[in-house]
2 protein chains.
Amino acid sequence: MNPGGGRTPHRHGATGQMQVKQAANVLELLEYFAERRRPATLAEISDDLGWPRSSTFNLVGTIVERGYLYEPRPRAGYYPTPRWLTLALTVAEAEPLPGVVDDLVADVAAATGETTAVGTLTGIHALFLVVAESRHQVRYHARVGDRVPVHASSAGRAILAQYPAASREAIYRRVAFERFSDTTPLGVENVERALLEAEERGYHQSDSEYIADLAGVALPLPLGDRRLSIVVAGPTSRCLARRPETAAILKAALSRHGLAEPGPQAQSR
Amino acid sequence: MNPGGGRTPHRHGATGQMQVKQAANVLELLEYFAERRRPATLAEISDDLGWPRSSTFNLVGTIVERGYLYEPRPRAGYYPTPRWLTLALTVAEAEPLPGVVDDLVADVAAATGETTAVGTLTGIHALFLVVAESRHQVRYHARVGDRVPVHASSAGRAILAQYPAASREAIYRRVAFERFSDTTPLGVENVERALLEAEERGYHQSDSEYIADLAGVALPLPLGDRRLSIVVAGPTSRCLARRPETAAILKAALSRHGLAEPGPQAQSR
DNA sequence: ATTTTTCATTCCTGATTATGAATAAGTCAA
DNA sequence: TTGACTTATTCATAATCAGGAATGAAAAAT
């Protein structure tokens with residue numbers, strides 16, 4: 001291992017992208033508070049996140065200095081200020097998805113009982129913009145912002161199918177075709193074949209290609225000039241055999257909300 | 001200068017607090033998008049924020065990797081994902097201020113025509129939790145999360161007055177008493193005197209002690225076990241002479257919303 | 001009061017990362 | 001297509017910071 005011999009730069013993921021640790025730590029801290037939902041002292045943050053005391057001190061101090069963390073009660077720990085909310089609202093309002101999309105997702109989640117999400121393309125991933133989680137005890141736990149490989153997911157391929165072949169090729173060039181499981185498609189041909197099969201079938205599907213034991217069904221969701229997708233996914237045991245039925249529910253919901261897909265999906269060029 | 005001879009650690013502000021640059025950069029980037037309200041390419045971010053291309057590349061890559069930034073349309077720049085909003089909502093809902101506080105602030109802002117805010121104590125600062133801005137062309141521009149020195153602001157002293165003398169002393173010990181202007185109180189005695197005067201007067205006031213040309217009027221706002229304050233502030237020309245009248249409006253609004261203050265404010269011990 | 005425990009803060013240096021410059025990739029116009 | 005231009009990515013090293021350990025301050029227990 002490490003044939004070069006020297007120390008390796010701090011890299012992460014297939015792309016060789018360098019990670020900015022303290023940037024990631026800010027996000028981790030925000031997620032920590034979202035889960036905890038009450039103030040935390042420096043010592044608690046330090047212990048829970050496994051960070052050294054002094055590093056936590058410096059990081060928290062910086063974020064406090066900027067007005068994003070404060071002490072709701074003296075000496076009783078830090079908590080995010082409402083500034084996060086004002087900024088997040090401003091940013092979200094500037095680029096809204098039509099409300100009908102939220103309704104659609106809620107509708108499909110209710111009808112199928114499974115986790116339902118809307119995906120968009122970003123780089124070589126499909127990213128979830130809207131998520132409604134299943135209420136089953138065993139379910140697909142997905143959150144807004146979660147990403148899955150665009151080539152190894154039904155949500156991703158339902159997006160790919162909306163792009164011309166040339167655009168798809170540009171995306172394939174950047175994919176490393178890592179083997180996530182036995183069913184992960186490992187080359188351009190396999191992905192393109194899945195797209196053709198999906199067109200004939202009338203819907204996109206997946207079977208544990210990226211996340212083990214997860215079966216999904218997806219359809220394209222073109223919206224203005226945006227190329228989105230809607231996906232329903234859950235444990236194989238419950239969802240694999242039921243995929244055709246799930247697809248029918250999806251299609252019915254799309255029609256009901258006036259978002260029915262056009263005929264053939266994949267554009268050849 | 002620099003008698004130690006060695007290079008100085010990267011410090012900032014009166015406290016000697018070390019700043020974590022890339023943590024601050026994440027927040028700056030979020031604010032950048034909140035102001036811009038549309039996607040930005042790496043080059044645009046790099047130019048607008050004055051960051052090197054490669055640093056911007058690494059920082060954006062890290063945030064994208066975590067699901068907080070994405071490309072709404074391929075090659076058309078990055079934009080924050082709705083994940084910020086889901087986390088901010090979660091965090092905000094866990095520690096709500098009563099809705100009556102928002103109503104109160106809106107009410108006072110409408111009645112006075114000046115910027116109105118609710119402040120809370122954090123360290124040696126008063127931090128604004130709620131802000132309603134004046135609509136005058138020349139006005140006090142304050143945002144949620146902005147902080148002012150607790151000893152050199154009416155909003156701050158209206159909070160201090162609610163704490164026992166011992167707690168106030170603990171706070172004074174950490175204040176550097178920097179001279180922001182000619183009217184900045186420069187010692188414990190001056191601050192304590194201002195508190196006594198405010199008690200006699202019936203309201204707290206300020207005159208360009210921290211921000212030039214800014215006059216403010218504030219009252220304590222105890223809420224459950226929280227010690228908040230409400231402040232109205234604006235340009236000296238418009239607000240200085242009118243402070244008694246502003247205080248009357250404030251008191252009337254507090255009564256109207258069932259938040260009238262108790263009699264004497266400053267606790268002696 | 002005194003001791004014990006916990007938490008916050010400072011300091012210094014090895015380890016990590018930010019950055020300029022070079023290169024690659026992509027886009028647009030003709 | 002070609003060429004001009006813009007944008008994205010890689011790399012080596014100077015600059016900066018993260019983290020261990022010690023100290024100080026406060027709270028809790030005795």
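Per chain, numbering begins at 1; letters A, B, ... match sequence-line order.
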Using atom [atom1] of [X] as one end and atom [atom2] of [N] as the other, report the distance to the nearest whole Å.
X	N	atom1	atom2	answer
A:R173	D:dT9	CZ	P	13 Å
B:N58	D:dT13	CG	P	18 Å
B:Y78	D:dA8	OH	P	7 Å
A:F57	D:dT23	CZ	P	18 Å
A:R174	C:dA24	CZ	C1'	13 Å
A:L42	D:dG19	CG	P	15 Å
B:L59	C:dT19	CG	C1'	13 Å

*Looking at CD1 of A:I159 and CG of A:L228, how far apart are the two atoms once the value is rounded to the nearest 0.5 Å?*
7.0 Å
*If we fit an axis to the first five pairs and another to the last five of the helix from C:dA1-D:dT30 to C:dA30-D:dT1, what angle do they make, to the nearest 10°?*
60°
*asked:* I want to check a possible cation-pi pair here: B:R168 against B:Y163, using under 6.0 Å from ring centre and within 45° of the ring axis as the test.
replied: no
_Taking the basic N atoms (NZ, or NE/NH1/NH2) and the acidic carboxylate oxygens, is any pair closer than 4.0 Å for B:E44 and B:R38?_
no
*Contacts to DNA chain D from residues 45-53 of chain A, heavy-atom cutoff under 4.0 Å, which residues?*
A:P52
*If only atom types and distance count, is the side chain of B:T62 paired as donor or acceptor with the main-chain N or O of A:V20 below 3.5 Å?*
yes
_Between B:H151 and B:F177, is the ring centroid distance below 6.0 Å?_
yes
_Using heavy-atom distances to pick each residue's nearest nucleotide on DNA chain C, tell me which of B:R75 and B:N25 is more 5'._
B:N25
*When you match A:A170 and A:T41 each to their closest nucleotide on DNA chain C, which lands nearer the 5' end?*
A:T41
*Candidate nucleotides C:dA18, D:dA18, D:dT10, ranked by approach to the side chain of B:K21 - the nearest*: C:dA18
*Pairs satisfying ring-ring contact (aromatic ring centres under 6.0 Å, His included), at least one member in residues 27-52 of chain A, at least two apart*: A:F33-A:Y79
*Contact nearer the 5' end of DNA chain D, comparing B:A43 with A:S55*: B:A43
_Is it the case that over 12 heavy atoms from other parts of the model lie below 6.0 angstrom from the CD atom of B:E28?_
yes
*Which atoms form the tightest heavy-atom contact between A:L221 and A:Q162, and what is the distance?*
N-NE2, 3.8 Å
_Less than 4.0 angstrom between a side-chain N/O of A:Q22 and OP1 or OP2 of D:dA18, yes or no?_
yes
*asked:* Distance alone, cut at 3.5 Å: any donor-acceptor contact between the side chains of A:R179 and A:T184?
replied: no
